[in-house]
There are 2 protein chains.
Amino acid sequence: MTDTLDAPNARADFGRRLRQLRQDRGWTLTDVSQRSGLAISTISKAERGVISLTYDRLSQLARGLDVDLAALFHAEGHSFEPGSFAVARKGEFKRQETPNYVYEMLFPDMWNKAMTPMMGSLKAREFVQFEDFVRHPGQEFLVVLDGSVTVFVEGREPVLLNAGDSIYFDSSVGHLYASDGDRDARILVVCVPSPGV
Amino acid sequence: MTDTLDAPNARADFGRRLRQLRQDRGWTLTDVSQRSGLAISTISKAERGVISLTYDRLSQLARGLDVDLAALFHAEGHSFEPGSFAVARKGEFKRQETPNYVYEMLFPDMWNKAMTPMMGSLKAREFVQFEDFVRHPGQEFLVVLDGSVTVFVEGREPVLLNAGDSIYFDSSVGHLYASDGDRDARILVVCVPSPGV
DNA sequence: ACAAAAATTTTCCTATCGGAAAAATTCTTG
DNA sequence: CAAGAATTTTTCCGATAGGAAAATTTTTGT
């Protein structure tokens, strides 16, 4: 009930996007109708935001347009503001501290980023204090900027990375970082969440 | 007409996924009803695949479940090989050279990465030699590891970044990097493609 | 084990979707 | 500029979504 007001706009935007997809391919309503099995009029109305397609029709239409259903929604208005950009200056980060790490998320107030870059410092430690493995659906990329880092991936041998080395892994598998040696280490981590959950 | 047969299955799968999302959060139908503004019965039917939600309702429901609309449609299957990981050692990269850049894609032979990390060197230049802007759907993140870099984003003022600074932007907008000053610059770039298209 | 409460499903009915065909608009071509 | 073709929009109506409330099932407390 709350958002009945702006809903039509979202629908209209979505419609424009549908039309864009169709026209990008140089197809007519008739073409898409044949490819999708939807009535011409239905597609026409959907593109203009006159009606609100059901899941079944959206599903058909996606196939007709030859895109993954999820793709229909991805580049949508609320992805992140198309054309926008943001700069993060060194040291201007929002700090977040845990016993072993100091994390600084780079663009904390930017919505809907496809990836989450973080700068981190790992404190030098006598020996690894085993906290729990971290797990979160998605993929993670880590590059060592300075120092040495041991990466523990659940069920695997530890991996030692030196400055310039990097690792890419499924972040739903338990993982944990620790500075190796007597210096603090600097790392850059980028996470891509798997959508949903 | 063609896919009337499997459509119900897709819808049912989708419904199960909706229920999963709700239960993962420990919410009842009533909870989601309040959060989304949808009737309890509507959510119940949708979860069981009895009805096929319209775009408007899907949109509301996504907000109620606190997920991006696109996330609702992502099949969990095609993440990337679950549990796998890869290490890239400094200097072991596949080199790719253009007049202004030297790029080294970090995990070139790994399939289905959600993001594409690249190490790059920007050659020092007297003044910017204007090649064409680069454009590709998705989002891009750049961090300056060493030196200074000027980032040109189409339609905007150039942005000067020093070591440690970073920028995050919509990569479908034309962009271009150049080393600033008399030294070569080292950068790390991570791209996330927008699916579809 | 039973009663009360909570959660989910079913029923009933109205609003809206979606298809077929007619009407209108836009695009070609002489 | 006009006639005809191609494309899009509108109209009309049957099919289905979606809300309110009753009925059922499941859970909780004693």
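By the salt bridge (charged side-chain N to carboxylate O under 4.0 Å, His left out) test, Arg16(B) is found to be paired with Asp13(B), residues two or more places apart in sequence or in another chain being considered. A search for salt bridge (charged side-chain N to carboxylate O under 4.0 Å, His left out) contacts involving Arg48(B) returns nothing, not counting sequence neighbours. A search for salt bridge (charged side-chain N to carboxylate O under 4.0 Å, His left out) contacts involving Asp146(B) returns Arg183(B), not counting sequence neighbours.
Rounded to an integer number of Å, the gap from Leu61(B) CG to dA17(D) C1' is 14 Å. Atom CG of Asp56(B) is separated from atom P of dG18(D) by 9 Å (rounded to the nearest Å). For the pair Gln60(A) CD and dT16(D) P, the computed distance is 13 Å after rounding to whole Å. Rounded to an integer number of Å, the gap from Leu38(B) CG to dA20(D) C1' is 14 Å. Straight-line distance from the OH atom of Tyr55(A) to the P atom of dG18(D): 14 Å, rounded to whole Å. Look at CG on Leu53(B): it is 12 Å from C1' on dT16(D), rounded to the nearest Å.
Contact detail for Met115(B) and Val192(A): the closest heavy-atom pair is SD-CG2, 3.4 Å.
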Is there any protein nitrogen or oxygen under 3.5 Å from a nitrogen or oxygen in nucleotides 22-28 of chain D, and what are the pairs?
none

List the steps, then state whether side-chain hydrogen bond (donor to acceptor under 3.5 Å, both in side chains) holds for Asp184(A) with Ser121(A).
-> CA-CA 7 Å; Asp184(A) 288 3; Ser121(A) 291; over 6 Å; no

Yes or no on side-chain hydrogen bond (donor to acceptor under 3.5 Å, both in side chains) for Tyr168(A) and Glu140(A), after CA distance, side-chain angles and deciding distance?
-> CA-CA 6 Å; Tyr168(A) 193 106; Glu140(A) 187 159 337; over 6 Å; no

Please lay out, stage by stage, how Thr54(B) and Asp56(B) fare under the test side-chain hydrogen bond (donor to acceptor under 3.5 Å, both in side chains).
-> CA-CA 5 Å; Thr54(B) 61; Asp56(B) 287 350; 5.2 Å; no

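Ring to ring, Phe169(A) and His175(A) are close: their centroids are under 6.0 angstrom apart.
Formation of a donor-acceptor pair under 3.5 Å by the Arg35(A) side chain with backbone atoms of Leu61(A) is not found in this model.
Five base pairs at each end of the helix from dA1(C)-dT30(D) to dG30(C)-dC1(D) define two local axes, and these are offset by 50° (rounded to 10°).
When each of Thr30(A), Leu38(A), Val32(A) is tested with Gln34(A) by the rule side-chain contact (heavy atoms from CB on, under 4.5 Å), just one qualifies, namely Thr30(A).
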How does each nucleotide of nucleotides 9-16 of chain C score, in 5' to 3' order, for protein heavy atoms under 4.0 Å: base (B), sugar-phosphate only (S), or none (-)?
-> BBB-----

